[in-house]
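Letters A, B, ... are given to chains in the order of the sequence lines, protein chains preceding strands, and every chain is numbered from 1.
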Number of protein chains: 2
Amino acid sequence: MSENKSTYHHGDLPKVLLQNATELIREGGIKALSMRKLAERTDVSRTAPYHHFKDKNELLCAIAEQGFQRQDQALKNLSVENPGQDNRQLFERYVLAYIRYAYENPETYDLMFGKEIWKLGTATESLKQISRTSFRHWVDWIEQLQLQDIVSKQDSTLRVAQASWATLHGLCRLLIDGIYLNPEDLEEMGKTAVRMLTTPPN
Amino acid sequence: MSENKSTYHHGDLPKVLLQNATELIREGGIKALSMRKLAERTDVSRTAPYHHFKDKNELLCAIAEQGFQRQDQALKNLSVENPGQDNRQLFERYVLAYIRYAYENPETYDLMFGKEIWKLGTATESLKQISRTSFRHWVDWIEQLQLQDIVSKQDSTLRVAQASWATLHGLCRLLIDGIYLNPEDLEEMGKTAVRMLTTPPN
DNA sequence: CGCTCTATTTTGACACTGTCAAGTTTCGCT
DNA sequence: AGCGAAACTTGACAGTGTCAAAATAGAGCG
């Protein structure tokens, strides 16, 4: 019926809020996101957002959830874009893409895996679920690689998955938190990590 | 002259502040540390701490710095306590001790390596220095291990040091941030990591 | 059309935060 | 004893998350 942006009071406030919130954290980090500034940018009163997100925490969870969806999408596209590649090469691409996502969306990545949400057990149920799924994808990867002897079998799949993912995550964190790591070396660093995680080729 | 606690106005306010601050973050995380609560617990006015730490940031840096000192000490003691052990075994102990420190002092570790301080380049000069030194110790370790063929030489020492440290750091972060990792598996996890990082023995 | 019900949004308020400016106390030294 | 400086306190301001109560506007129905 209404062809312009607003069908109800504001239109689709939740979506716009999420969008603006993502924008805010991208501009100034998670600390720069305040409910009040968000409301202001959305041209809405201070407490309006509270009718769509019960908490600031719930808003953060929503951002993180969106992050998982996009990351999953980006990683899923990989195998589609590179058909017929063997798992060894594909795995390297996967790792590099993972790191790239973290590098390009540092604030979101921070929410996805930072203590802001997880430490206090305040994660939304749906966020918990999608993050579990996301980790399972990694475990599946490792299982495949173990079957093909690309990754060591001396420890259980879960263990190796945890340890290798820790490497990946550690690299991302060092990068994001601005510790030691140089963005220029990003790709090289990822390749080094892959070499360390996999058995030598041929 | 004065035999009880107070020689000056308060005695050694800076030391007491640092102590209470560490206590506060241990009790309720970094977020639970506010300058005002700290002042209150120290029985001192709201702004008294500002005469010893120009910022909240400077206070956090001081806590982190103290963390580095204690960690370095704990790690240094290792080689003293276990003389005559070969580097392979010692390295495993080193890794486990590193993880244990992070596990036992999660809030401090978070300050030492978290974005709270590093992301915005707000680290104190002395903090920067001690953290650099601390990383150099790790690089030295890797160099030794490469010389003894315990760690792969296919990448440069710096690269391997970064990647392997990322693994270690990643594990600690997962543990601290409460993601996936189970505290019970801590030791096993560390050993798996060591196995992944080093060449097979004998 | 008009009425009501409910979802949406706003206004006011409170306790809390970091930190600055200006004042006050207390010590060490000459 | 008294001076200079260091340590400390009080008052104030803008900003935060969030609750309770009021105001508004839309949909559905007669």
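- In this entry the distance linking CG of B/Leu59 with P of C/dT17 reads 14 Å, nearest Å.
- When rounded to the nearest whole Å, the span between CG of B/Leu60 and C1' of C/dG18 equals 12 Å.
- In this entry the distance linking CZ of B/Arg46 with C1' of D/dC13 reads 12 Å, nearest Å.
- A salt bridge links A/Glu27 with A/Arg41: the closest approach of a Lys/Arg side-chain nitrogen to an acidic carboxylate oxygen falls below 4.0 angstrom.
- Between A/Lys54 atom NZ and D/dG17 atom P the separation is 15 Å, expressed in whole Å.
- In this model, a donor atom of one side chain and an acceptor atom of the other lie less than 3.5 Å apart for B/Trp165 and B/Tyr98.
- Atom OG of residue A/Ser134 and atom CD of residue A/Gln71 lie 5.5 Å apart, to the nearest 0.5 angstrom.
- Residues from residues 23-37 of chain A placing a heavy atom under 4.0 Å of any atom in DNA chain C, listed by number, are A/Arg36.
- A ring pair (Phe, Tyr, Trp, His ring centres under 6.0 Å) check over residues 47-66 of chain A, counting only residues at least two apart or in different chains, returns nothing.
- Where A/Asn57 and B/Ser45 each meet DNA chain D at their nearest nucleotide, the meeting point lying more 5' is that of B/Ser45.
- In summary, A/Asp177 and A/Arg173 engage in a salt bridge, as defined by a charged side-chain N under 4.0 Å from a carboxylate O.
- Taking a cutoff of 4.0 Å between a charged side-chain nitrogen and a carboxylate oxygen, B/Lys153 and B/Asp149 qualify as a salt bridge.
- A/Glu116 has a carboxylate O that lies under 4.0 Å from a charged side-chain N of B/Lys31, or vice versa, which qualifies the two as a salt bridge.
- No hydrogens or angles were tested; on distance alone, nothing pairs the side chain of A/Thr47 with the base of C/dT9 as donor and acceptor under 3.5 Å.
- When rounded to the nearest whole Å, the span between CG of A/Asp12 and C1' of C/dA7 equals 15 Å.
- As a whole-Å value, the separation of B/Leu13 CG from D/dT9 P is 8 Å.
- Rounded to an integer number of Å, the gap from NE2 of A/His51 to C1' of C/dT6 is 12 Å.
- Taking only side-chain nitrogens and oxygens, A/His52 never comes nearer than 4.0 Å to OP1 or OP2 of C/dT8.
- Rounded to whole angstrom, the span from the OH atom of B/Tyr50 across to the C1' atom of C/dT19 amounts to 5 Å.
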